[in-house]
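Below, chain A is the first sequence line, B the second, and so on; all start at residue 1.
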There are 2 protein chains.
Amino acid sequence: MSSAPLGIFDSGVGGLTVVRAVQQLLPHEEIIYLGDTARLPYGSKSPQTIRQFADEDVRFLLHKEVKAIVVACNTATAHALPNLLAQYRTPIIGVIEPGVEAALSDPSTQRVGIIATQGTIRSHAYQHALAQRRTGLIIHGQATPLLVPFIEENWIDHPATRMVLEAYLQPLVDKGIDTLMLACTHYPLLIPVLKQLLPEDVRLVDSATTCAEHLKKELTRLNLLAPTDKDGKLAIHLTDLSEQFEALARQFLKKSPGRIQRAVLE
Amino acid sequence: MSSAPLGIFDSGVGGLTVVRAVQQLLPHEEIIYLGDTARLPYGSKSPQTIRQFADEDVRFLLHKEVKAIVVACNTATAHALPNLLAQYRTPIIGVIEPGVEAALSDPSTQRVGIIATQGTIRSHAYQHALAQRRTGLIIHGQATPLLVPFIEENWIDHPATRMVLEAYLQPLVDKGIDTLMLACTHYPLLIPVLKQLLPEDVRLVDSATTCAEHLKKELTRLNLLAPTDKDGKLAIHLTDLSEQFEALARQFLKKSPGRIQRAVLE
């Protein structure tokens with residue numbers, strides 16, 4: 001057992017969908033969340049820059065003496081996780097492996113669509129992880145870079161968002177996907193509109209819930225679960241504070257984020 | 001006269017519209033351009049963070065021994081220019097004053113619409129600069145945060161872009177604007193579609209050309225113009241390099257950007 005906090009980071013506030021899933025599954029864990037809002041988005045930036053940013057994010061959390069770290073950002077997982085695992089001893093968990101496990105948990109999965117940022121799609125991390133686990137899969141990656149801006153503007157129900165989504169999804173539907181992976185921590189907010197736009201039999205897989213389940217298994221295996229005598233607290237640190245981020249944080253977390261602190265990275 | 005280079009910076013590559021205007025008007029000037037692509041966009045971030053970033057951008061250019069600096073970013077001009085002017089001796093020129101002068105150059109201007117990022121609109125820098133110069137103006141600021149993502153994705157001609165633009169412009173049209181200020185250095189790329197969507201008699205004012213004219217006047221006044229014996233070179237430095245930025249740079253500059261270097265800020 002360990003009462004040290006968990007560290008969770010993302011480029012912005014999208015990773016709070018993971019925090020929410022972790023809080024539901026592991027209510028006794030104290031969580032320190034870091035959102036690099038000053039430099040978001042990561043999804044359009046280069047692998048080299050993303051690795052540098054992720055390294056700075058991890059070091060911030062290690063200074064807070066966390067017992068384990070969750071990379072709650074698909075782009076950072078795709079480009080930086082192998083380097084982070086090689087460099088640090090603290091357990092570090094990404095969002096890709098759990099999502100892939102979940103997508104393949106249904107043995108009938110054959111045609112998988114992936115929607116994500118440019119960075120995640122171009123990294124081929126999802127495509128590679130899927131192909132390694134099951135041969136004969138048909139995999140279609142679709143970069144959907146405009147979805148994060150629409151979500152951050154809270155235009156989720158706007159007809160223009162629907163039009164953009166239709167343009168992005170049509171090639172995947174044409175290819176007859178049976179599973180759609182929401183490979184960005186922002187995308188769970190789009191689930192209601194995705195369900196309207198996709199054929200009924202397409203299964204949606206988001207990484208937030210599956211990542212929390214994977215974290216629980218890992219903490220159990222490493223004997224690092226928190227004592228169950230009190231509820232865990234959440235402290236949110238953002239590299240840039242703005243009203244907009246606080247409003248978004250509330251939306252992702254589906255409750256008040258409490259006092260948000262400004263983080264200075266080194 | 002001075003053969004030292006000019007420094008021009010922006011959060012990304014949008015400021016290359018200003019570079020292009022400067023090259024056309026002042027073909028002998030050597031230009032060092034800095035785009036802070038690793039941390040773009042600035043438009044959604046807080047005044048404090050924008051001031052810090054702009055300060056780091058200016059210091060990078062001062063290390064290159066530039067004779068004058070153009071802040072080719074509306075959000076950075078809106079939030080950081082006064083601080084920069086107070087802190088540094090090198091002449092620093094923003095994009096707001098020239099744009100405002102241009103908007104008011106027509107004495108019949110009465111109802112001015114401004115489209116810009118959240119940061120620029122919320123700063124009230126344009127509204128203030130307009131109101132200071134002419135009493136009785138009717139001013140409508142409209143934050144249009146989704147336009148930069150659409151432009152950066154090169155979806156300029158997509159029906160969804162048109163739908164978003166219509167949603168943004170309708171309130172301005174309903175208010176009977178006679179002038180629309182494109183208060184973001186990305187927006188000149190939207191001029192063809194804006195002309196289709198707006199009533200014919202609405203005048204478009206973009207800050208790139210007017211900023212170049214203002215720069216010429218200032219360099220002349222300070223006796224800092226370059227000798228006219230050779231053409232000026234352009235060196236582009238970006239804090240993050242990616243194929244996408246290079247393709248965009250070509251689009252903004254309307255020619256090859258040459259070799260782009262990676263800048264490391266301190």
[X] versus chain A, heavy atoms under 4.5 Å apart: side chain, backbone, both or neither?
X         : answer
Ala167(B) : side chain
Leu40(B)  : both
Phe53(B)  : side chain
Glu152(B) : neither

*So which bits of residues 116-130 of chain B come within less than 4.5 Å of chain A, counting non-hydrogen atoms only?*
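So the qualifying residues are Gln118(B).
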
*asked:* Using only non-hydrogen atoms and a strict under-4.5 angstrom cutoff, which residues of residues 155-165 of chain B touch chain A?
replied: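 Expected list: Trp155(B), His158(B), Pro159(B), Ala160(B), Met163(B), Val164(B).
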
*What part of Glu166(A) is in contact with chain B, defined as an atom under 4.5 angstrom from a non-hydrogen atom: side chain, backbone, both or neither?*
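Glu166(A) has no heavy atom closer than 4.5 Å to chain B.
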
_Side chain, backbone, both or neither of Phe150(A) within contact of chain B (heavy atoms, under 4.5 Å)_ =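 Looking at Phe150(A), backbone and side chain both touch chain B.
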
_Checking Pro199(B) now: which residues fulfil side-chain contact (heavy atoms from CB on, under 4.5 Å) with it, not counting sequence neighbours?_
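Val173(B), Asp201(B), Val202(B).
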
*Taking all non-hydrogen atoms of both residues into account, name the closest pair between Ser44(B) and Gln244(A) and its distance.*
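For Ser44(B) versus Gln244(A), the nearest heavy atoms are O-OE1, 4.2 Å.
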
*Locate the shortest heavy-atom distance separating Thr239(A) from Thr49(B); write the atom from each residue and the value.*
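Thr239(A) and Thr49(B) have their closest heavy atoms at O-OG1, 4.1 Å.
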
*Report the distance from atom CG of Leu146(B) to atom CG of Leu146(A), rounding to the nearest 0.5 Å.*
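Between Leu146(B) CG and Leu146(A) CG, I get 8.0 Å after rounding to 0.5 Å.
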
*Nearest 0.5 Å, what's the CG-CZ distance between Asp240(A) and Arg39(B)?*
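One gets 11.0 Å once the value is rounded to the nearest 0.5 Å.
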
*Could you tell me whether the side chain of Ser46(B) reaches within less than 4.5 Å of the side chain of Leu241(A), counting heavy atoms only?*
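No; the side chains remain at least 4.5 Å from each other.
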
*Write out, in numerical order, the residues from residues 249-266 of chain A with a heavy atom short of 4.5 Å from a heavy atom in chain B.*
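Residues of residues 249-266 of chain A touching chain B at under 4.5 Å: Arg262(A).
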
*Flag, side chain of Lys45(A) to backbone of Ser242(B), donor-acceptor distance under 3.5 Å*: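 No; zero donor-acceptor contacts below 3.5 Å.
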
